[in-house]
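Below, all heavy atoms of this structure are taken into account, side chains as well, without hydrogens, waters or symmetry copies. What you see is a predicted model, and the numbers here were worked out from it, not measured in a lab.
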Amino acid sequence: MTGNCLGKIRSYYPRLSEKEKKIAGYILENPEKIIHSTINTVAEDLSVAEATVFRFCKRIGFKGYQAMKITLASEVMNPIQQIHEEISEQDNEKTVAEKIFKSNIRTLENTLQILDSNSLKKAIELILHANRIEFYGTGGSAVIAMDAYHKFLRAGIKAFVFSDSHFQLMSASQLTENDVAVVISHSGTNKDTLRILQTANENGAKTIGITSFPKSPISQNVDVALYTTSEETEYRSEALASRIGQLCLIDALYINIAILNKENAKKSLERIRNAISETRI
């Protein structure tokens, strides 16, 4: 994962230790100063050990302080507009709507910044050559899985989804090495989803994970991991905010597959349109 240092810091912030939050806040408030400071300077300013600063950089996905500083410098020199506005009880309806829209736009911009092209390409190839693809997710992630099923069905792909976690586990037990399982979990630590992933792996199926945490059990145990990033506010959990990024990742996979599978997708879409045309007045 490369790029978007400030977005990564905001995404990780709720899960950082107190010392790490201290470092995160310092960087967010002084990005211009950081790019001209050594790791020793930062450590002295915050009264922490250099090793603590180094571990923080590793925690948010960089090889070290220098790698983080280089990415941060490119951001500061070519800033992407960052609008961090908390919703207030005093806001009127239009202002609340504007802040939600801006938050979603920021989530999409940050997710695009951390999207790895090689991982995206590999995920597309796995899906394109799969005999069948199954989407798994529980809670809010189940909604994303259902949306993915709806889209891929239109592309002529043998896609399947189940809302019940027991049905999901049963279905995963029937996967083969010719199939692909896409597991969706914001935290990457959901027990039901992890059990499903384990079952899919045991059967030799190829696996794709969509999550927000690079070091989560799900991201560490899939063939390909795709990441989203989002920010938490008083009225909106980070998991809820990440949904828009997950939907766009699914869209990116779907459109790429439809392009590469053009004839099949066209025939499938025509059959679907003909079938549902009778349901309209």
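Linking Ile, Leu, Val, Met, Phe, Trp and Tyr whenever their side-chain heavy atoms come within less than 4.5 Å puts L226 and V182 in one cluster. Put simply, L260 and I208 are part of the same group of oily side chains (I, L, V, M, F, W, Y) that touch within less than 4.5 Å, one to the next. Placement of I133 and I257 within a single hydrophobic cluster is found when ILVMFWY residues are connected by side-chain heavy-atom separations under 4.5 Å, directly or transitively. I105 and Y227 sit in two unconnected hydrophobic clusters of ILVMFWY residues. Membership requires side-chain heavy atoms under 4.5 Å apart, directly or through other members. Under the 4.5 Å side-chain heavy-atom criterion for ILVMFWY residues, no single connected hydrophobic cluster contains both F167 and V183.
Contact of the I60 side chain with the M68 side chain is registered, since non-hydrogen atoms from C-beta on lie closer than 4.5 Å. Residues V143 and D147 are not in side-chain contact: their nearest non-hydrogen atoms beyond the backbone lie 4.5 Å or more apart. Side-chain contact between D116 and L120 is absent, with no heavy atoms from C-beta onward closer than 4.5 Å. With contacts defined as side-chain heavy-atom distances shorter than 4.5 Å, the pair N40/V53 does not qualify. Contact of the F162 side chain with the M170 side chain is not registered, since no non-hydrogen atoms from C-beta on lie closer than 4.5 Å. Looking only at side-chain heavy atoms (C-beta outward), I184 and Y136 stay at 4.5 Å or farther from each other. Put simply, the side chain of L197 reaches to within 4.5 Å of the side chain of N201, judged on heavy atoms. Side-chain contact between L46 and V42: present, with at least one pair of heavy atoms (C-beta onward) separated by less than 4.5 Å.
Using modelled atom types, no side-chain atom of H150 and backbone atom of M146 make a donor-acceptor pair closer than 3.5 Å. With hydrogens and angles ignored, the 3.5 Å screen pairs a side-chain donor or acceptor of E20 with a backbone N or O of S17. Side-chain atoms of S119 never come within 3.5 Å of backbone atoms of L115 as a donor-acceptor pair (strictly under, hydrogens ignored). Of the possible donor and acceptor atoms, one in the side chain of T199 sits under 3.5 Å from a partner among the backbone N and O of R195.
Here the closest heavy-atom approach between residue L194 and residue G188 is recorded as CD2-O, 4.2 Å. Among all heavy-atom pairs drawn from N221 and T207, the shortest one is O-OG1, 4.0 Å. When all heavy atoms of S187 and T211 are compared, the pair lying nearest together is C-OG1, 3.8 Å. Between R154 and Y254, the shortest heavy-atom distance links the atoms CB-OH, 4.1 Å. When all heavy atoms of T189 and P217 are compared, the closest pair comes out as CG2-CD, 3.7 Å. Minimum heavy-atom separation, Q168 to G137: NE2-O, 3.1 Å.
Note: N30 CG to H36 NE2 = 12.0 Å, rounded to the nearest 0.5 Å. The distance from atom CG of L175 to atom CD1 of I196, rounded to the nearest 0.5 Å, is 10.5 Å. Atom-to-atom distance recorded for R55:CZ and K19:NZ is 8.0 Å, nearest 0.5 angstrom. Rounded to the nearest 0.5 angstrom, L253 CG and L249 CG are separated by 6.5 Å. One finds the NE2 atom of H186 at 10.0 Å from the OG atom of S216 (value rounded to the nearest 0.5 Å).
Counting non-hydrogen atoms of neighbouring residues, nucleotides and ligands closer than 6.0 angstrom, the NZ atom of K22 exceeds 12 such neighbours. Heavy-atom contacts from other residues, nucleotides or ligands closer than 6.0 Å to OH of Y149 number 12 or fewer. Around atom CD of E93, no more than 12 heavy atoms belonging to other residues, nucleotides or ligands sit under 6.0 Å away.
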- Message: Quick one, N104 with T107, criterion side-chain hydrogen bond (donor to acceptor under 3.5 Å, both in side chains). Give me CA distance, side-chain angles, the key distance, then yes/no.
- Response: CA-CA 5 Å; N104 283 340; T107 292; 5.1 Å; no
- Working for side-chain contact (heavy atoms from CB on, under 4.5 Å), residues I27 and I23: CA-CA 6 Å; I27 296 172; I23 298 170; 3.9 Å; yes
- Chi angles and distances behind the side-chain contact (heavy atoms from CB on, under 4.5 Å) call for R243, I144: CA-CA 7 Å; R243 300 286 180 256; I144 308 301; 3.9 Å; yes
- Message: side-chain contact (heavy atoms from CB on, under 4.5 Å) for L16 and R59? Distances and angles first, verdict last.
- Response: CA-CA 9 Å; L16 299 177; R59 175 75 185 274; 4.1 Å; yes
- Task: Check the pair D45 / Y26 against side-chain contact (heavy atoms from CB on, under 4.5 Å), numbers first and verdict last.
- Result: CA-CA 9 Å; D45 285 351; Y26 183 81; 2.6 Å; yes
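Side chain to side chain, T138 and S141 fail the donor-acceptor criterion of an N or O pair below 3.5 Å. Neither side chain, N203 nor E177, offers a donor N or O lying under 3.5 Å from an acceptor on the other. With 3.5 Å as the limit, one finds no donor-acceptor pair spanning the side chains of Q246 and T228. A donor-acceptor contact under 3.5 angstrom links the side chains of D179 and T176, judged on distance only.
By the 6.0 Å and 45° rule, R132 stacks over the aromatic ring of F160. Annotation: cation-pi geometry not satisfied between K58 and Y65 (NZ/CZ under 6.0 angstrom from ring centroid, within 45° of ring axis).
Residues satisfying the ring pair (Phe, Tyr, Trp, His ring centres under 6.0 Å) criterion with F56, sequence neighbours excluded, are absent altogether.
With respect to V224, the side-chain contact (heavy atoms from CB on, under 4.5 Å) criterion is satisfied by exactly one of L126, I210, I127: L126.
With ring centers used as reference points, F135 lies under 6.0 Å from F152.
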